[in-house]
There are 4 protein chains.
Amino acid sequence: MKKREVQASVKDERLVLKRRNQMIKGAVTLFKEKGFHRTTTREIARASGFSIGTLYEYIRTKEDVLYLVCDSIYDEVRDQLQQSFDPNQGTLESLRLVIDYYFKVMDELQDEVLVMYQEAKSLSKDALPYVLKKELEMVGMFEDTIRRCVENGELDLTEKQVKIIAHDIFVQGQMWAFRRWVLQKLYTLDEYIELQTDLLLEGIKGSGSK
Amino acid sequence: MKKREVQASVKDERLVLKRRNQMIKGAVTLFKEKGFHRTTTREIARASGFSIGTLYEYIRTKEDVLYLVCDSIYDEVRDQLQQSFDPNQGTLESLRLVIDYYFKVMDELQDEVLVMYQEAKSLSKDALPYVLKKELEMVGMFEDTIRRCVENGELDLTEKQVKIIAHDIFVQGQMWAFRRWVLQKLYTLDEYIELQTDLLLEGIKGSGSK
Amino acid sequence: MKKREVQASVKDERLVLKRRNQMIKGAVTLFKEKGFHRTTTREIARASGFSIGTLYEYIRTKEDVLYLVCDSIYDEVRDQLQQSFDPNQGTLESLRLVIDYYFKVMDELQDEVLVMYQEAKSLSKDALPYVLKKELEMVGMFEDTIRRCVENGELDLTEKQVKIIAHDIFVQGQMWAFRRWVLQKLYTLDEYIELQTDLLLEGIKGSGSK
Amino acid sequence: MKKREVQASVKDERLVLKRRNQMIKGAVTLFKEKGFHRTTTREIARASGFSIGTLYEYIRTKEDVLYLVCDSIYDEVRDQLQQSFDPNQGTLESLRLVIDYYFKVMDELQDEVLVMYQEAKSLSKDALPYVLKKELEMVGMFEDTIRRCVENGELDLTEKQVKIIAHDIFVQGQMWAFRRWVLQKLYTLDEYIELQTDLLLEGIKGSGSK
DNA sequence: AATGAATGAGCCTTCATTCAT
DNA sequence: CATGAATGAAGGCTCATTCAT
C-alpha cells in the first residue's frame with residue numbers, strides 16, 4: 001500500500017511541500033485547541049499564513065488536511081524512533097533502551113500524539129487504512145526487537161506473547177500523552193518510564209513459556 | 001462533586017427520565033455510526049421517537065445529549081463492574097476474577113466504550129471534569145482491589161505501583177474495544193484475557209518493592 | 001412518466017404548495033432579470049418572502065427551484081391552452097382559432113416562456129426529460145387538432161406533414177416571445193398572427209399529398 | 001455599428017488572432033458540453049493550449065470569450081452562406097436552393113448553432129446588440145433573396161410578408177439544431193428540408209396579395 | 001509574451017435552536 | 001407537553017481575476 005496521494009493544483013512540487021508543511025504546522029496547533037471538527041478551513045488557512053483560496057490550491061477537501069496531519073505525525077514519530085531501533089542488539093538491555101527512548105519521544109510529541117489519537121477516527125473509510133497501517137508498522141518495530149531477544153535466547157516467548165507485549169508497550173507510550181491529565185500529576189516522566197518498564201520486564205521474564 | 005444537572009423545561013421528573021432514556025438509546029446508536037459531530041439533533045430526535053421540539057424540552061444544547069450519553073455509559077459500565085468488586089477478598093485470585101470480569105464487560109459494551117472514548121473529548125471544558133471523575137472512580141476500584149492484596153500481605157507494592165497497575169488494567173480493558181480492528185483479529189477474548197492477566201500478575205509479583 | 005417529485009422537509013402539504021408558489025413567483029421575476037445562474041439562492045429566498053433556511057425546507061438544491069419554475073410555467077401554458085382545444089371541431093376554422101389563441105397565450109406569458117426556454121437547458125440530465133415530455137404533449141395537442149381536420153376530409157396530409165406543421169406552429173408561437181426584440185418592432189400581435197396563419201394555412205392547403 | 005473590440009494586452013496582432021482562434025475552438029467544445037456558466041476560465045485556457053495567465057493576455061473578462069465565440073460562429077455561418085446567395089437569380093428555384101443550402105449548413109454546424117442559441121443571452125447588455133445585429137444581417141440575406149423574386153414578378157408579396165417569411169426560414173433552420181432531440185428522430189435532414197420547403201413555398205405562392 | 005501561484009468575494013447548503021400554535 | 005415551521009449564522013468550497021517572476 002503506497003502513500004495516499006493528496007491532489008494539489010499547484011505544480012511546483014517543492015512549493016507544495018513547503019506550503020503543506022506550513023499547513024500541517026498551523027493545523028496541528030488548531031486541532032490541539034479545538035479538535036478537527038471545530039476548526040474551520042478559514043482558520044487553517046490563516047494559521048498557515050495564506051488565504052483560503054491558496055489553501056485549496058494544495059488540498060481538495062478539509063479531510064485532506066486531517067490526513068496530511070496524521071500522516072505527518074506518524075512519519076515524525078517513526079523517524080524519531082528509527083534511530084533507537086537500528087543499533088538494537090537483541091538483549092534485554094537494548095529492549096529497555098528502546099522503550100525508554102520511545103516513551104521520551106511520546107513525551108516530546110505529546111500534543112501531536114493526542115491530536116492523532118483523538119482525530120484519526122474522523123478520517124473517511126478511504127483514508128483510515130493508510131494511517132492504521134502506519135500504526136501497525138510501529139508496533140511491528142517493537143515486535144522485532146522482542147523477537148530478536150527470543151532468537152538470542154534472552155527470552156522465551158510464544159509469538160502471541162511477543163505480539164501482545166509489543167501492543168502493550170505501544171499503548172503505554174500513547175497513554176502517557178492521552179491520559180496526561182492524570183498520569184502527569186502522579187508521576188514524573190522518569191518515574192513513569194521506570195515503573196512501566198520494571199513491571200513489563202518482570203512480567204515478561206515471569207511469562208516464559210517454559 | 002455532584003452529578004452535573006442538565007436542565008429540562010418539563011417538570012414531571014418521571015417523564016424526564018423516560019424521555020432521556022429514549023434519547024440516550026437513540027443517540028448511542030447514531031454516535032456509533034457517525035460520531036457526535038456528524039449526527040444532527042433532528043436525527044437524534046427521530047431516533048428517540050419524538051420531534052425536534054420535544055427533544056429540546058429535555059435538554060438545552062446538543063452537547064447535553066453527549067454528556068447524558070457519556071454519563072449513562074459510565075454508569076452502566078460501573079454498575080456492571082460493581083457486582084464483581086463487592087465479594088472481593090483481597091486475594092490474588094479475586095484480583096484475577098475482577099480483571100476477567102472487567103474485560104468481559106468491556107467486550108460486551110465495546111460499542112458504547114468506543115463512543116465514549118472517541119466523543120468525550122467533544123465535551124466542553126464545563127462537562128468534561130464530571131466524566132473524568134467517573135473514570136477516576138473506576139480506576140479507583142481497581143486500586144482498592146490491589147491495595148487490599150497489599151494489606152493482606154499477598155503483594156508487596158508501593159502506592160505508586162498500585163496506581164500504575166490500576167491504570168494499566170483499566171487501559172488494557174479499553175484497548176480491547178479501542179484497538180479491536182487489530183486485537184480481535186489476533187486473539188479471542190479468552191486468549192487476550194489470559195495473556196494480559198498472566199503478564200500482569202507475573203509483573204506484579206516480580207515487582208515487589210523489597 | 002409521473003411528475004418528478006421535489007422533496008420537502010415540511011410535512012404540511014398545503015403549506016408546501018403555498019410556499020412553493022411564493023417561491024416560483026419570486027424566482028420567475030429574478031430569472032427574467034438575471035437568469036438562473038446569476039440569481040443566488042438568497043435572492044430567491046428574499047424575493048419569496050422568507051429566509052434562506054426556510055427556502056431549503058421546501059427544496060433540496062437550487063436546481064429544484066429551476067425545475068419547479070419550468071414545471072409550473074408549462075402547466076400554466078397548457079392549462080390556458082386546454083380550453084381552446086376542447087371545443088375543437090376538426091375544421092380549418094377551429095384550427096385557426098386554436099392557433100390564434102395559442103399565440104395570444106404566448107404573448108401574455110412571454111416573460112415566462114422566455115425564462116423557460118432560456119433556462120431549461122440548465123436542468124440536470126435528471127430533470128430535463130420531464131420538461132421535454134411536457135413540451136411534446138403540447139406539440140401533440142396541435143397534432144391532434146390537425147389530424148382531426150385530416151380525418152374530417154378538410155385536409156389531405158401525411159402523418160409526417162401533420163407533425164412538422166404542429167412543430168412549426170409551436171415554434172412560431174415561442175418565436176413571438178423569443179425573438180420579440182425584432183418581431184415586436186415589426187408587427188403588432190394581430191398582424192403577426194394573421195401573417196403567420198395565412199402563410200401556414202395556404203401552405204397546408206397547397207401541400208395536399210394528392 | 002462596427003465590430004465590438006475586445007481588448008488584448010498583447011500587441012502583435014497576428015498573434016492575437018492566432019491565440020483567439022485557439023481560444024474559440026477550445027471554448028466552443030466546452031460550451032457544447034457544459035454551457036458557458038459551468039465552464040471555468042481555467043478549463044478554457046487548458047482547452048486552448050495555454051495557461052490561465054496567457055488567456056487573460058488576450059481578453060479582459062470571461063464574457064469576452066463568450067462574445068468572441070458567438071461572433072466567430074456568426075461569421076462562420078455567414079461566410080458559408082454567402083456563396084449560395086451570390087449567384088442567386090431572383091427565381092423561385094434559386095430561393096429553393098438558398099434554403100436547401102442554409103439548412104445543410106445548419107446541420108453541419110448544429111453544435112455551434114446550439115451554443116450560440118443557448119448562450120448568447122448570457123452576453124451583457126453591452127455586447128448583445130453586436131450579436132443581434134449579425135443575426136439581422138443574416139435574416140436580411142433571406143429577405144433580399146425573396147425581394148428579388150418579388151421584383152422579378154415571380155412572387156407577389158407585401159414587404160411585411162417578405163420579412164416574416166425570411167424570419168420563418170431563419171428560425172426553421174435553427175430549429176433543426178435546437179430541437180434536434182425530437183426532429184432528428186422523426187426526419188432525415190433531406191425529409192425535413194423537403195417538408196419545410198414545400199410547405200413554405202406553397203404558403204408563399206398561396207399568399208399573393210392579389 | 002507566458003506562466004501559474006495567490007487572492008478573497010461570494011456561492012450553496014446545513015443545522016442548532018426558537019417559538020407560536 | 002408536543003409539534004414542526006422558521007430562522008440565519010456559519011461552514012466548505014469555487015473561480016474569475018491579478019501580478020510577480
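Letters A, B, ... mirror the listed sequences (proteins, then strands); counts begin at 1. This is a predicted model, so every value here is computed, not measured.
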*A:Gln22 CD to E:dA6 P: how many Å, rounded?*
9 Å
*Quick one: label B:Ser9 by what it contacts on the DNA or RNA (base, sugar-phosphate, nothing), any heavy atom closer than 4.0 Å.*
nothing
*Measure from CD on A:Glu57 to P on F:dT14 and round the result to the nearest Å.*
11 Å
*Looking for any heavy atom pair under 4.0 Å, which part of the strands does A:Lys18 touch: base, sugar-phosphate only, or nothing?*
nothing
*asked:* Can you measure D:Leu66 atom CG to F:dA16 atom P for me and round it to whole angstrom units?
replied: 13 Å
_Given DNA chain E, 5'-ward residue of the pair A:Leu15 and A:Gly53, judged by closest heavy atom_ = A:Leu15
*Salt bridge or not for B:Glu63 and A:Arg38, using N-O below 4.0 Å?*
no
_Whole angstrom value for the distance that separates P of E:dT13 from CD of C:Gln7_ = 15 Å
*Report the nucleotide, chosen from E:dA2, E:dT17, F:dA16, that has the shortest atom-to-atom distance to any side-chain atom of D:Thr54.*
E:dA2
*Spacing between C:Ile52 atom CD1 and E:dG10 atom P, to the nearest angstrom*: 16 Å
*Can you tell me which stems involve DNA chain F, if a stem is defined as three or more consecutive Watson-Crick or G-U wobble pairs, both distances under 3.5 Å?*
E:2-21 with F:2-21
*Considering only F:dC13, F:dT18, F:dT3, which nucleotide approaches the side chain of A:Lys62 most closely?*
F:dC13
_Looking at B:Arg19 and B:Glu57, is there a salt bridge between them, counting it only when a charged N and a carboxylate O are closer than 4.0 Å?_
no
_Using heavy-atom distances to pick each residue's nearest nucleotide on DNA chain E, tell me which of C:Phe36 and B:Glu63 is more 5'._
C:Phe36
_Please verify the inter-ring angle class for B:Tyr74 with B:Tyr117; under 30° counts as parallel, over 60° as perpendicular, anything in between as tilted._
perpendicular
_DNA chain F contacts among residues 38-50 of chain C, heavy-atom distance under 4.0 Å_ = C:Arg42, C:Phe50
*What residues form a side-chain contact (heavy atoms from CB on, under 4.5 Å) with D:Leu17, not counting sequence neighbours?*
none
